[in-house]
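What follows is a set of notes on a single structure, which appears directly below.
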Amino acid sequence: MDIYQMIDALEELLENGAPVPLSSKRLVSVGEAVEIIRQMRLSIPEEIKAAARLTEERDSIVKKAEAESQRMLKNAEAKYTEMVDNHEIISAAYKQANEIVATAQQSARELKMGAYDYMSKLLEKIERVIYETVETINSNRREIENFRDQ
């Protein structure tokens, strides 16, 4: 019998118990109910038990990870303080930051110029297409006028 059948059996036992007059209570066999519950406990799938173990393991790992992260954070803060006190590192960082900014600005200028070149070529192409379209329209008009004049 699977767990769902046992739940159904327990539900049926409770629903079919003898009614107690003038109340919503029912009399059921405690022995039968306890036996169904015992069978339910025995038939709980191993996966559920494994999931409970995994949850416990996960909680333990999370606690260890939190402790390790706190330790690492304290170490990082100590190293940060040590590095801030070292003026050469700060100077090197400023120099590198200025170089990065200059490189980024140059790249932005080049990208902007590339975009302008692309737009210019695209507008030239559009202008050429429009000119050819106008020429085609004018040619078609002339043909229509020639046709009407005949």
Side-chain angles (χ1 to χ4, degrees), residues 1-140:
M1 186 183 299
D2 74 356
I3 192 76
Y4 294 110
Q5 291 172 327
M6 288 180 228
I7 291 171
D8 290 342
L10 184 58
E11 184 178 30
E12 184 179 326
L13 177 69
L14 294 172
E15 287 176 350
N16 293 332
V20 174
L22 303 174
S23 80
S24 62
K25 297 179 182 182
R26 297 189 176 270
L27 293 176
V28 295
S29 167
V30 172
E32 285 181 56
V34 169
E35 178 59 24
I36 292 171
I37 292 170
R38 188 188 65 72
Q39 288 176 6
M40 290 170 69
R41 280 197 184 112
L42 293 175
S43 67
I44 292 176
E46 187 60 35
E47 290 82 14
I48 294 175
K49 293 176 186 174
R53 284 191 302 272
L54 286 175
T55 300
E56 290 174 11
E57 288 176 25
R58 183 205 60 189
D59 291 344
S60 172
I61 290 170
V62 167
K63 286 179 184 176
K64 288 178 185 176
E66 287 174 347
E68 179 65 13
S69 70
Q70 288 297 321
R71 185 191 65 77
M72 291 173 71
L73 182 61
K74 286 179 183 178
N75 286 344
E77 287 172 348
K79 286 183 181 181
Y80 171 77
T81 302
E82 180 183 326
M83 290 173 63
V84 167
D85 291 341
N86 188 342
H87 181 70
E88 291 177 11
I89 293 174
I90 293 172
S91 296
Y94 278 120
K95 182 180 177 184
Q96 186 178 9
N98 289 334
E99 291 172 1
I100 290 170
V101 168
T103 301
Q105 287 173 339
Q106 179 61 33
S107 294
R109 280 191 294 275
E110 291 172 4
L111 185 61
K112 188 175 179 181
M113 291 306 296
Y116 285 148
D117 289 342
Y118 174 77
M119 286 189 315
S120 178
K121 289 176 185 175
L122 186 60
L123 288 172
E124 285 176 13
K125 187 176 181 179
I126 291 170
E127 183 180 25
R128 195 171 35 254
V129 168
I130 290 172
Y131 177 77
E132 291 172 4
T133 303
V134 168
E135 285 297 319
T136 302
I137 291 170
N138 287 335
S139 174
N140 288 342

Between E35 and R38, is there a salt bridge with N-O shorter than 4.0 Å? yes
Without hydrogens or angle criteria, can the side chains of Q106 and E110 be said to hold a donor-acceptor pair below 3.5 Å? yes
Look up atom CG in D117 and atom CG in L122, then write down how far apart they are to the nearest 0.5 Å. 12.5 Å
Among E127, E135, R128, which residue meets the side chain to side chain contact (heavy atoms under 4.5 Å, CB included) test with Y131? E135
CZ/R41: more than 12 non-hydrogen atoms of other groups inside 6.0 Å: no
In this structure, CD of E66 is separated from CG of L73 (nearest 0.5 Å) by 13.0 Å
Please lay out, stage by stage, how R71 and E68 fare under the test salt bridge (Lys or Arg N to Asp or Glu O under 4.0 Å). CA-CA 5 Å; R71 185 191 65 77; E68 179 65 13; 2.3 Å; yes
From CA spacing to verdict: side-chain contact (heavy atoms from CB on, under 4.5 Å), V101, Q105: CA-CA 6 Å; V101 168; Q105 287 173 339; 3.8 Å; yes
Please check if atom CE in M72 has more than 12 non-hydrogen atoms from other residues, nucleotides or ligands closer than 6.0 Å. no
Closest non-hydrogen atom pair between G17 and R26, with its separation: O-NH1, 2.9 Å
At what distance, to the nearest 0.5 angstrom, does CE of M40 lie from CD1 of I7? 4.5 Å
Distance, nearest 0.5 Å, that separates CD1 of I37 from CG of L42: 12.0 Å
Spatial distance of atom CZ (R58) from atom NZ (K63) [nearest 0.5 Å]: 11.0 Å
Got a donor-acceptor contact below 3.5 angstrom from the S60 side chain to the E56 backbone? no
Where the side chain of S107 meets the backbone of T103, is there a donor-acceptor pair that is under 3.5 Å apart? yes
Per side chain to side chain contact (heavy atoms under 4.5 Å, CB included), I36 is matched among D8, L14, L13 by L13
Reported CD1-to-CD1 distance for the pair I126 and I130, which is rounded to 0.5 angstrom: 6.5 Å
